[in-house]
Structures are given as structure tokens and as C-alpha cells.
Amino acid sequence: MSTHNKPQATNNELLSLQGITKSFSSVRVLKDVTFTLPAGHTLGLVGENGAGKSTLMNILGGNHQPDAGQMRLGGQPYAPRNPIDAIRHGIAFIHQELNLFPNLSIAENIFLTDFPRTAGLPWIQRRTLYTKTADLLAHVGLSLPPETLVERLSAGERQLVEIAKALSIDARLIILDEPTTSLSARETENLFALMRRLRERGISMIYISHIPGDVLRLCDDLVVLRDGEIVGSGPTGEFTADRMISLMVGRSLNQLYPTRRGQATTRPVLEVKSLSQPHVVHDITLTLHRGEVLGIFGLMGAGRSELARILFGLDPHTSGEIRIDSKSLGRAPALDRIQRGLAFLTEDRRTEGLCLEASIADNIALVSLRHHARTPLRLIHPTGWREGVRTMREAVRLTAKAGDSQPVKTLSGGNQQKVVLSKWLLAKPKGLILDEPTRGIDVGAKFEVYQLIHELADKGAGVLVISSEIEELIGICDRILVMRQGEIAGEFARREFDRERVLAAALHISRS
């Protein structure tokens, strides 16, 4: 591992922030942020989307400079001019969207900017490169050849490569931003075990997450941001999940999930019979009723997202039947299914659900524009769709400083998710498939998404929710189906909801 000139802090203090303030134009996004982080400690940083977490981390990483305030690292003044400067000081970032090149090997990704070379010569010392990489992979518990291409790795393995990359710069502070978003339960536990080992070695970490339970399990101390200010801080032992959530959203949430007022009907909106696709799904039979919120749970690889894509016409199936309002869809493409009243919120909202460079208005109106086209030239009449966009923005409580013209890429994760939901709600679907609808968004935004799901069901639509969080499905659904290895492995009515029973069905564990 490379070494750096890093003076040690006195009193075990690694990082100190005093009065950090930052504004963009006339908008103040950070206000007098002050806290300290000891060496060998893990600090939980929580707050709603837009609370200022990203801006604060960008200042720490040298992407932005503060308007006021001072930072100290290892007992010395710290004012990074750029990200390279931060790396040289031993600060590493593990982003939610990993910064790895899939077409390069593990070794090449780790040492991309610092390949071992013979003095005075341009050639890379491959043997040294692989030896150093193997040593780093051993530290993170990853037993793969250094020359393995990153594109062949699972999400959890890529996460470990990122941490190995951080160790390669001899990082003394690692910042992890929503690191479990794409991980399975087992990969998440492996990551947590590694984080504990790193802490024992004296490495400090800042852990950013929207999952209160994980923060309380992993972190020594906690800082809660709201509207750019610290509204709560201290040892995690002084916090409960309820107190943390209340501080984050600025109001008391009596419960994490809204009360389900409506009831499912017996009228089917989406029927699936004996649906199969080799090596993907097998003999899937289910019914989604009008007014029903139907959950699908399963471990990673169970076939949940693959089923959703088949239902929406994005992927093929070899046998079986899909019906909407009792009428067979046959092999109809996705556009025909949209016109028949089916909608699909994809798991990957940024890549597949949004036009990031386009405005909020253009994204929301995208699916419904055909309803506002005037014949015979099919010209779009602006008044109708703009009014619809405004109505949807108010309905989902979407906040945007620049209004409808603001580019979607500038919004927080929660607001981006609201844009995708608005796009489909404006189309007034009969059946809506939601794949991980609250992944990567904060607690307050989750509550609002749950309310929208219930409101849509109360108006008579059928909502199919795919989620990796059992508690989420128990909190919002009328019925839960469990998938395992591409098949339906269990079904639970609301009166039968039990976390252990649902998980046992997913794991194929018999319970007496």
C-alpha cells in the first residue's frame, strides 16, 4: 500500500469541522455545520434527500470549497483544492453508483492512477500489480484472481473492490454513501463485517444511509442534518429509530407506514397464468385485483424483476398467458400494454426511468403526450399537458426550486422517484408495477410514496410492489407473494403477515 505524509491527530481526533457554511447563488445549503470524528470511529450521517449531505461530502472531498468555516484532518488544517488533493490526504469515497470500469480488471481498476512501474520506464510491472492486488483483496475477504474483469462481478463484489481501492491509497477516512442499495442480504452482512474490521484497524468511516436500523447497528456516533443544519448529534446509544426519523423530517411520524383505508375488490385487472421463460421464471400464476396492493418478495436472483419485465412486454416468455381486464395480451409490445392501462416503474430509475437531461415537465408528460396530440397533424397542444404536469407535481408534493423547467438530473433521489411516479400516474393506469419503488430515498419521501400507492389503489387501480424489504411489504400490502428460483413459493394474506414466515418461504425453510 502506498504511504502519505499524514500527521497524527492529538486526543484521537481525526477530523474536525467547524462552522462549515455553503451557498449556491442565493440558496444556503449548509449552515454552520460543526462536528468531530475520532480515529477508528464510524459516524452515521443521516438526513432527507436535499438535507445537505452530498454538499458536505463534496466539500470534504475537494469538489466544493466552503464559504465559511474550517476543517482539520489529523490535527492539521485541511482545505482540499480538488478530489486528487483529498485522496493524497487519505480520504476515499465509496459512492452509491460505483466508479469502476467494467471492461477493466480488478487490478487495473484499483491501481488505475498509480500503476507500479520500473523507474524511468513506461511499462507496467504486471507481477507486482497482481501481487499488490491479491494482498488488498485478501484484506477485504474477496478471493478472486486480480485479472478478473469487473463486469463479471456481483454488486457486492464490486463494493469490496471499491474498498480495496480505498485501502490501496492507505485511506484513513472512508466515506460510504448508501453502500447497501444494490446488495443482497448476505452481501450486506459481509460488508458490515468488513467495516467492523476496518474500524478495529483504526480506520474512520462516515456512513450515509436511509436505513435507521443499519445506522444504529454500525455507527458509534450520529449526525442528523435537516435543511443544511445539524438538528441532532451524539452517541448512537442516545437515539432510537423514531427519534432519528423525527429529527430528519422535522415532524413526528406516528408510524412508518400510512394506514390502509381502502379494500381490494374481487375484480381482476392483471391475470397471469402458467407463465414460463427457461432459466428465468417457471409456471407463474397470479392475479392482481382492482384496489389491491400486492407485494412480491424474494431474495436476489429469485426472478422478481425478470417477471416484471416480462409482464410489461420488455422481455419474452415461451409459454403462458397475461391478461388485462380479462383480455389476452399475447405477445404485445410494451407500448400496446401502456395503451391498455399497464405501467411499470423500473428498478433503475436513473438509467431506464428518466431522461436526466430533460426537464421535470418533459419527463412527467412523456407517456401522456399522445393524449394531447391534435389530428390530423398530431400536433401537441401545450395547455392540456402543462396543466396535467402541475396537477401531478402538487399531488406527489414534488419540490423543485426552478419549477417545471428544472432538469431532472439536479433533483434529489426522492424527488426523481416522484417524477417517475408522476409520469405514470398522469397516464391513469389500471395496473401499476413498481420495482423497488423506495430504494435509495429517505424516510420522509418513502412515507409519501406509500401514501401515493394507497391513494392509487383507493381509486381502483391494482398495484404490484416488488421490494427487498419485508417490513415495507408488510406495512403497505394487502397480500404478499414470495418468489424463489423463478417460482411462486408462498402466498400470505394480511392476517397471515409474519416476517419470519415470509423469509422462511424465500429461503425454503420448513417451519412447524
Side-chain angles (χ1 to χ4, degrees), residues 14-24 27-38 41-72 91 93-96 173-181 204-216 218-253 256 399-401 410-417 438 440-448:
L14 175 68
L15 176 69
S16 172
L17 276 64
Q18 296 289 330
I20 299 298
T21 299
K22 180 67 177 178
S23 297
F24 294 103
V27 179
R28 181 169 288 187
V29 294
L30 290 175
K31 309 166 189 175
D32 194 29
V33 173
T34 299
F35 65 81
T36 60
L37 173 60
H41 274 229
T42 301
L43 174 73
L45 180 63
V46 300
E48 290 192 276
N49 292 111
K53 304 187 301 294
S54 296
T55 301
L56 184 60
M57 293 303 100
N58 279 324
I59 289 174
L60 191 56
N63 290 301
H64 299 318
Q65 281 67 48
D67 299 330
Q70 295 180 332
M71 296 187 289
R72 296 179 69 84
I91 295 181
F93 282 78
I94 312 296
H95 295 281
Q96 181 177 343
L173 173 60
I174 300 177
I175 299 165
L176 299 103
D177 186 4
E178 297 287 350
T180 65
T181 298
S204 296
M205 285 166 281
I206 295 178
Y207 183 73
I208 303 171
S209 176
H210 289 131
I211 304 175
D214 289 351
V215 174
L216 294 175
L218 286 171
C219 300
D220 302 294
D221 300 291
L222 186 64
V223 168
V224 184
L225 280 178
R226 186 174 75 239
D227 296 330
E229 295 183 274
I230 293 180
V231 293
S233 63
T236 51
E238 298 178 357
F239 290 84
T240 63
D242 287 344
R243 183 188 174 211
M244 188 191 311
I245 293 168
S246 178
L247 288 168
M248 286 170 58
V249 302
R251 62 187 187 277
S252 175
L253 289 180
L256 291 176
T399 56
K401 294 166 185 169
T410 64
L411 298 176
S412 66
N415 280 326
Q416 286 182 348
Q417 194 73 311
T438 63
I441 65 177
D442 61 68
V443 177
K446 283 184 178 182
F447 189 86
E448 293 178 341

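The basis for the numbers below is simple: all heavy atoms, side chains too, and nothing from hydrogens, waters or symmetry mates.
Once rounded to the nearest 0.5 Å, the distance linking CG of D220 with CE of M205 reads 8.5 Å. Taking CD of E178 as the start and CD1 of I211 as the end, the distance is 7.0 Å to the nearest 0.5 Å. I20 CD1 to K31 NZ: the interatomic distance, rounded to the nearest 0.5 Å, is 15.5 Å. How far CD of Q417 is from NZ of K446: 11.0 Å, rounded to the nearest 0.5 Å.
In terms of heavy atoms, I206 sits closest to L37 at CG1-CD2, 4.0 Å. Residues L247 and V231 approach most closely at CD2-O, 3.5 Å, considering heavy atoms. The shortest heavy-atom contact between T236 and C219 is OG1-O, 2.9 Å. Taking every heavy atom of both residues into account, G19 and T34 meet most closely at N-OG1, 2.8 Å. The two residues F93 and M57 have their closest heavy-atom pair at CZ-O, 3.2 Å. Across V46 and K53, no two heavy atoms sit closer than the pair C-CD, 3.8 Å.
The only member of L43, L45, I175, D214 that meets side chain to side chain contact (heavy atoms under 4.5 Å, CB included) when paired with Y207 is D214.
Annotation: side chain of I59 is not in contact with side chain of L17 (no heavy-atom distance under 4.5 Å). With contacts defined as side-chain heavy-atom distances shorter than 4.5 Å, the pair L15/I91 does not qualify. No side-chain heavy atom of M71 sits under 4.5 Å from any side-chain heavy atom of S16.
Heavy-atom neighbours of Q70 CD from other residues, nucleotides or ligands within 6.0 Å: at or below the threshold of 12. Heavy atoms from other residues, nucleotides or ligands lying under 6.0 Å from CZ of R243 number more than 12.
N58 contributes no side-chain N or O that, together with a main-chain N or O of H64, makes up a donor-acceptor pair within less than 3.5 Å. Remark: side-chain polar atoms of S204 are paired, donor with acceptor, to backbone N or O of P38 under 3.5 angstrom. In this structure, the side chain of T21 engages the main chain of D32 through a donor-acceptor pair within 3.5 Å.
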Step-by-step side chain to side chain contact (heavy atoms under 4.5 Å, CB included) determination, D221 to V223: CA-CA 7 Å; D221 300 291; V223 168; over 6 Å; no
Stepwise side chain to side chain contact (heavy atoms under 4.5 Å, CB included) test for V215 and F239: CA-CA 10 Å; V215 174; F239 290 84; over 6 Å; no
